[in-house]
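Report on the structure given below.
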Amino acid sequence: MRELLNRLAHWFRFDRPDESLAEEMECHRALIQADLEAGGMSRADAAAESRRAMGNVRLAQEDAHEVWIDEWVGRLWRDVRYGLRGLRREPTFSLAAIVTFALGVATTTTVFSIVDAELWKPLPFPRPQELVAVTSRGSEPGARVDAVSGTELAQWREGATAFASLAAEGDRRRGILLSPAAESVVVTQVTANYLSTLGRPATAGRTFAGEAAPGSREAVLTDRAWQRLFDSDGSVLGRTLHLDDQPITVIGVVRADDSIGPDPDLFVAIDDRNPVLRTTADVRFFGAVGRMKEGVTPGVARDQLQGVIDRMASGSPERWLGHTASIDGLREFYTGYNWRPLYFCLGAALVVLLLSAVNVAALLLGRAVRRRREFALRGALGGGQAAIARQLLVEGALVALPAGGLGLLASAWALSVLGGQLPADVLLRGSHIPVDLRVATFAFGVTLATTILCVLMPMFVTRRIDLARVMGPGGRSVRAAGEGKARAVLLVVQMALTVILLSGAGIFFKSFVALTNVPLGFDPSGALAVRASLSGPVYDSDARVRDYADGLLRRAEVMPGVRAAAIGSSSPLGSGPVVYFVDPAQPPPDGGRPPRAIIRAVTPEYFRTLGIPLVQGQTISDADVPGAPRVVVVNEHLVDVVFGGENPVGRTIELQPGSQPPWTRHAAGPLLIVGVVANVKEIGIDEVGFSDIYVPFAQVPSPAFDVIVRAQTDAPGLGDHFRRAAADIDPSTPLIGITAFDDRVAGALEADRMNLLLISTFAVVAVLLAGIGVYGAMAYAVQARTREFGVRLALGARPVRLSVDALRQAGRIGAIGGAVGLAITLALVRMIGDAWYLVPGDHNGLVYGVSLTDPQIHALAFVGLVAVSMAAGLVPARRVARVDPVRALRAE
Amino acid sequence: MGLTNTQTDLLPGTLDLLILRTLVREPLHGYNIVQRLRVASRDVLQVGEGSLYPALQRLLLKGWVKAEWGTSENNRRARFYTLTPAGRKRLAAERAGFERMIGAITRVLQEV
C-alpha cells in the first residue's frame, strides 16, 4: 500500500525524477573529479577520467527510473512524453489534426445521439415490451390516428381485457401557472392512470391514484419544472396553485423523460369519466398507451380491440365504421417511422467521420515522413518495428483523445442548439436529446477506431523506410517508398467519399426543387380552412347540418377581408374518405377491385375559392339542390383511370356500397358527370395520384366539414370572427381548428426541407475537409519537389509552366477520386433501388421527381469536385512559381 | 579509482543492507555512501553508481529512506538520504538475518 502511494507520488511529479537524478549524478561526478584533482591530476584529465569512471550514466538513470514503473507502463509513459513534445514542436500540425478529428467525431456523435434516442435506446420503463401504442384509424388514405374521447376510451377499456391498463395522453398546451409569479408552462392532460401505466414512479410526493376523483385537479410536476419553477422546494407538494385561473394541487414529482416525446412541465389528471366533460368538450386523446397483460401478444390485443371497435361501429357508424385498430410498440409508434431519413443521416455522418479520419491520417503520414530519418535511425539502432508502431499509436491517441473530448463537447453543444430548431414531426425528441454514457461510449469507440485507422497508414509507410537511402548522400530528397502511393490512396478515398455526398446533396436538391415545383392543383396563398364537426342528437338530421353549414358560410362570406368562401367535407392536403365506384356503361373490372376515389361534398364556390381550374364542362352550381338530378364533378386522374382520358361529361358513375362513412349514402344511384377539374394534392406533395369525386354539399351534406375562405390579407382577427360566428349559431359546438393552406404545404415539405438541410451540411463539411486534404497534400508535394522545381527553373523552365504542372496534379487527383466516387455512388444507387421513393402502402419517399442516376447531378458533382480540388491546389501551385532556384538547390 | 558499473559480487539484497547501515548515523549523499562503503570495507567493496542509484530508488520506493536536497561539500545541490523509522526496523531485521546466515556459513566452513 505504502509502496503504491510512493509510486503514485513519484508518478505525478512526472517531469522531475530524470532531471533530479541527472543532477544528483552530476554532483557525484564532480566530487570524483575533485578527488582526482586533489590527487594531482590536471583539471581536464580529472574531468575526463571522472566521466569515464561514471560509465553509462543514462543507462543507470533508466535502471533507476524503471524501479518506479512497471516496464510497459514506463515505455508507454516515455512514448506519451515524447509524443507530447512532438506535438508542441509542431503546433499547426497538432491544431489542424485535432480540429479536423474533432469535426468528424462531433458530426458522428451528434447524429448518433439523435438516432440512438429515436430508435435504439430501450425505453426507460419497467417491462417495456408490454407497453404498446393503442390506436385506430379511418380508412381514408393517409388517415391520422383517431382522436378518442374519454367515453370511448372507457369503452375500449371495458371491451379489451388484454390490457392490464389503458391510459391516454391528451393535448399539450401552454398555460399560465401562478406560483405565485406567473410562469408559462407546458401542460399535458392525462388520464389518472397514465403515469402508473408507463411505470413512472414519483421521486417526491406521489403520482395520481388509479382514478381521479370527480372534480379533482391534481398535478404532477416533472423534476425539470420543479427545479426551474420552485428550485426543487419540497414545500410545494400539497400546495394549491392556479393554472389558467383554475386551482390545481401539486401532489408529486416525476423524473422528466423524453423517450416517447418531450415531457411537459406539468401533468394534470383529468377525470375522463366526468359527465360534464362528456357532454361538452368531451376530452379527446390521440390514441392510447396500453400495458398488455403478461403473456398477451399484440395480435391478440389487436383482434380484441378490433372487436370492440366493430361493436362501437354498429352503435355509431358515422364515427367508427371501417376504422381499424392497431397495436404498435411504443418506440416503433412514436419514433420508428422515422428510421429511413435517420439511417441515411447516420450514413452521411459516418462518411464525414471517415473523411476527417483520412485527413488526420494524411497529416500523421506527412509527419511520419518528415521523421523518416528518425525512424530509420531507430530501426538501425535496434529499435524494433513494434516500438515504432507503439510510438505512432500513442501519438495518434494523443491527437485523438483531446479531439474526441472536443468532439463530444461540440456535439453536446450542437444538440442543445439543434434541439429548438428541429421540427417536432421530423424528430419527436428534438428538444431533449441527452449526451449520456451510451453516447460517450460511442464517441470513445469512434475515436479509438479512427485512431487505429489513422495510424495504420503511416505505419505502413514507415515500415518500408530504407536506412541506406534515407541516410545516404542526398538522402533528404529521397522519398520513402510507398509514401507517394499511400498519399495518393488517401486522397482518392477522400475525393471519392466527397463525390458521394455531393451527388447525394444534388439528388436532394433537385428533389426539393421538383417538390416545390409540383403543381398543387390549387392556390394555397391566402386560403384558410376552419374545421367544424357536428355530432350528437341535435345534428341527426341533414337539414340541421345544412342549416349550420349555411349559417357559418353566410357569416364567413361577409367577414372583413374575405373574398370568397366555400364548404368542403374535406380539403386539399387534408385527405378524405375513400369510396369505390363503377362506370355502369363499362363491364365490371374482371376480378380486380373497382376503382377508388376520395369523395368530397362541396358547395359551388369551392373550386373558385381554392383556385382549382375547371378543365371540362361545368362545376357544381346553385341549382344542384336536394331533389334536383344528382351530379358529380370528377378530377382528371379519374378520367384517365376510368375513361381512358376521353371526355366523360354526360356519362354516369355509381358508388359501391362499402365501408365509406354513412353520409355518403345520399350519393347512391347513378351520378351524372357534369365537369372535370384539375387534380389536387390530397395527402402529400410526393403522393401518387388520387381520383376525386366531388358531390354537391346541398345534396350530400357531411357532418364534419371545412369552411374554406380566401382572405385578402392574412387577417389575424379571422379566427376570432369564426369563433364568434360559431358561438352565434350553436354555442355548444366549438370549431376544431383553423389552418392556412400555406402552412399545410410547408408542413408537407418540412421533412424534405430538413433532409436537404442535413445532407447539404454534410456535403459542405465534406467539401471543406476534401479541400483541406488536397491543400495539405499539394503543399507537401510542392515542398518535396522544391529541388526538382529549382533545377527546372535553373534550366530555364518558365514559372507559369511549373504552376500549371502542379495544378494539373491537383486536377488529376480530383478526377481519379471523382471517378472512383462516381463508381461507388452508382453501386450504392443500385443497392438503394426504390427504397428512397414513395411506395404506396409501404413507406414514404425520401426523394421525388428525380432519378438517382440523373447524369446531370453526378456529372456536376464530379466537375465540382475537380474544381474544388484544383482551387485547393491553387495556393501551393502559385508557390511553385516563386521558388528561388538558388535557394532551392542550396537547401539540400 | 576503480568505480565501475559492474555488479558487485554481493549476495542478493546485501547492497540494500549495506546502504541502510551507512545511513544510521547521519544523512549522506550518493558519493558519500560509496566512499563510506569503500573505506569501511578497506577498498574491497567498490559500489558502482550503476547499482547504487537504482538501489537508492528502490529504498525510496519501499519507504525505508527519504531524500532531501542539500548542499554538498563542493557546493552543489545533492540529495541527502535519511534513514526512516521503517528503514531502521528493516535494517535491524536484515542484519539479524544476515548475521545468522554468515554464522551458519562460517560454521560450515570451519567444521569441514
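Here is the naming used below: chain letters follow the sequence lines, and residue numbers restart at 1 for every chain.
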Nearest-0.5 Å distance that lies between atom CD in A:E24 and atom OH in B:Y31: 15.0 Å
CD-CG distance between B:Q35 and A:L31, expressed to the nearest 0.5 angstrom: 8.5 Å
By side-chain hydrogen bond (donor to acceptor under 3.5 Å, both in side chains) - contacts of A:Q33 (at least two apart): A:R29, A:E37
Engaged part of A:A30 at the chain B interface, taking heavy atoms whose separation is under 4.5 Å: both
Under 3.5 Å, which donor-acceptor pairs do the side chains of residues 16-24 of chain B form with other protein atoms, sequence neighbours left out?
| residue | atom | partner | partner atom | Å |
| --- | --- | --- | --- | --- |
| B:T22 | OG1 | B:I19 | O | 2.6 |

Atom CZ of A:F444: over 12 foreign heavy atoms under 6.0 Å: no
Any B:L52 side-chain heavy atom under 4.5 Å of A:H28 side chain: yes
